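Below: one structure, written as structure tokens.
These figures come from a predicted structure and were not determined experimentally. Count residues from 1 along the sequence.
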Amino acid sequence: MSGGHPILSTRDLSCSFGALRAVDGVSLDIERGTMTGLIGPNGAGKTTFFNLLAGALKPTGGSVHFDGQDVTGMSPDRLFHLGLTRTFQIPRPFCRLSVLENLLLTPPRQSGETITGAVFRRGRMRAEERKMREKAMGILDFMTLADLADHPAGKISGGQTKLLELARALMGDPALILLDEPAAGVNPSLTNILIDRIEALNRQGLTFFIIEHDMDFVMRHCAPVIALAEGRVVFHGSAEEAQADEGLLDAYLGTGVA
């Protein structure tokens with residue numbers, strides 16, 4: 001954990017759907033450089049909380065600060081430009097495009113996206129395209145997907161799609177990635193690759209905030225661990241403290257966590 005200000009903070013963050021208070025006054029800090037795990041039973045408010053952080057939902061109360069800036073209710077594309085991005089539990093690739101093309105669609109504000117850029121700045125546009133292609137291939141190589149660069153994204157395995165989802169996030173040079181169940185539905189060999197890449201990125205300084213139901217994953221790789229129940233934070237501490245908390249074990253983790 002690094003010193004200084006938290007990279008992400010929420011204060012009394014709330015979201016209601018009619019009479020249902022899905023997120024109920026959550027205040028927490030995500031320290032820069034950490035891999036923070038978010039756990040809790042189904043219906044605890046984890047995904048709603050992530051949607052608030054990522055700009056997919058607007059809160060009914062409270063605030064979100066990212067890297068010292070108030071980003072409450074900010075749209076996902078603006079958050080992406082600031083360095084906050086997310087992945088989804090069920091990946092959402094452009095299935096008919098190639099794996100490489102999925103990455104090349106990601107970088108924002110390219111010259112070719114405007115009429116003037118496409119018409120009057122062709123040299124600059126071609127240079128940007130070469131640079132982005134080199135960057136994308138480097139990321140695919142890091143994610144062990146380089147051999148699949150020309151394959152349709154809809155034809156790769158579920159685990160490879162999870163790797164692709166993370167690769168797309170990396171194209172935006174994020175400071176913080178919200179990962180929604182990265183290990184779900186991934187075979188053990190690809191899970192090991194995914195974990196290895198996440199840990200390597202974390203060692204380089206990238207911050208992760210991770211929803212995960214795989215408690216072995218959380219206990220081995222996340223510090224700290226936060227638990228939600230009924231939209232509220234009910235635990236915030238180390239994995240060791242989580243495993244020693246009898247109420248948390250009984251309610252959320254079961255008795256088989258080691």
Side-chain angles (χ1 to χ4, degrees), residues 1-92 106-109 165-166 168-182 198 201-202 205-212 222-237:
M1 184 183 301
S2 62
H5 298 292
I7 192 169
L8 183 75
S9 298
T10 68
R11 293 295 178 265
D12 297 319
L13 192 65
S14 300
C15 183
S16 298
F17 302 100
L20 173 64
R21 201 167 176 85
V23 175
D24 190 1
V26 172
S27 297
L28 55 80
D29 295 327
I30 303 300
E31 300 296 335
R32 197 178 304 272
T34 59
M35 282 177 56
T36 300
L38 182 64
I39 63 174
N42 290 331
K46 302 184 302 297
T47 298
T48 300
F49 184 57
F50 259 36
N51 284 335
L52 293 173
L53 300 180
L57 288 174
K58 295 191 182 299
T60 53
S63 63
V64 181
H65 283 75
F66 173 66
D67 208 11
Q69 179 176 346
D70 189 341
V71 296
T72 310
M74 195 173 285
S75 65
D77 62 308
R78 292 183 65 193
L79 291 170
F80 182 86
H81 294 323
L82 292 175
L84 193 162
T85 189
R86 72 170 299 177
T87 67
F88 294 89
Q89 178 183 353
I90 300 175
R92 304 176 180 183
T106 304
R109 299 171 182 168
E165 184 93 338
L166 180 55
R168 291 200 304 176
L170 294 174
M171 284 296 290
D173 297 320
L176 169 63
I177 300 181
L178 308 174
L179 294 179
D180 193 347
E181 295 199 50
I198 292 171
L201 291 165
N202 182 244
L206 185 56
T207 306
F208 289 94
F209 192 16
I210 306 172
I211 293 176
E212 186 53 73
C222 295
V225 175
I226 297 170
L228 286 184
E230 297 180 347
R232 302 184 186 94
V233 174
V234 295
F235 176 85
H236 190 163

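In this structure, Leu20 places its CG atom where more than 12 heavy-atom neighbours from other residues, nucleotides or ligands lie under 6.0 Å away.
If you take CD1 on Ile7 and CG on Leu84, they are separated by 7.5 Å, rounding to the nearest 0.5 Å. Here Cys222 contributes atom SG and Leu179 contributes atom CG; the two are 9.0 Å apart, rounded to the nearest 0.5 Å.
Scanning all heavy atoms of the two residues, the minimum distance from Leu57 to Cys15 falls at CD1-SG, 4.4 Å. Here the closest heavy-atom approach between residue Ile39 and residue Glu212 is recorded as CG2-O, 3.8 Å. The shortest non-hydrogen separation linking Asn51 to Arg86 is OD1-NH1, 2.5 Å. Closest approach of Pro41 and Lys46 over heavy atoms only: O-NZ, 3.1 Å. The shortest heavy-atom contact between Arg168 and Arg92 is NH2-O, 2.9 Å.
Asp180 and Thr87 share no side-chain donor-acceptor pair at under 3.5 Å.
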Practice task
Could you check Ile210 against Leu38 for side-chain contact (heavy atoms from CB on, under 4.5 Å), going step by step and ending with a plain yes or no?
Solution key: CA-CA 6 Å; Ile210 306 172; Leu38 182 64; over 6 Å; no

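For the pair Val234 and Leu228, the minimum side-chain heavy-atom distance is 4.5 Å or more. Within the 4.5 Å cutoff, side-chain heavy atoms of Leu53 are placed close to those of Leu8.
Distance alone, capped at 3.5 Å, is enough to place a donor-acceptor pair between the Thr207 side chain and the Gly33 backbone. Thr48 contributes no side-chain N or O that, together with a main-chain N or O of Gly45, makes up a donor-acceptor pair within less than 3.5 Å. Side-chain atoms of Ser14 do not come within 3.5 Å of backbone N or O of Asp24 as any donor-acceptor pair. In this structure, Thr10 contributes its side chain and Val26 its backbone to a donor-acceptor pair below 3.5 Å.
Considering Arg11, His236, His65, His5 as possible partners of Asp29, the one that fulfils the side-chain hydrogen bond (donor to acceptor under 3.5 Å, both in side chains) test is Arg11.
Taking the six-membered ring where the residue is Trp, Phe49 and Phe209 present perpendicular rings, their angle passing 60° and hence far from 30°.
A cation-pi arrangement is not found for Arg78 relative to Phe80, the charged atom failing to lie both closer than 6.0 Å to the ring centre and inside a 45° cone about the ring normal.
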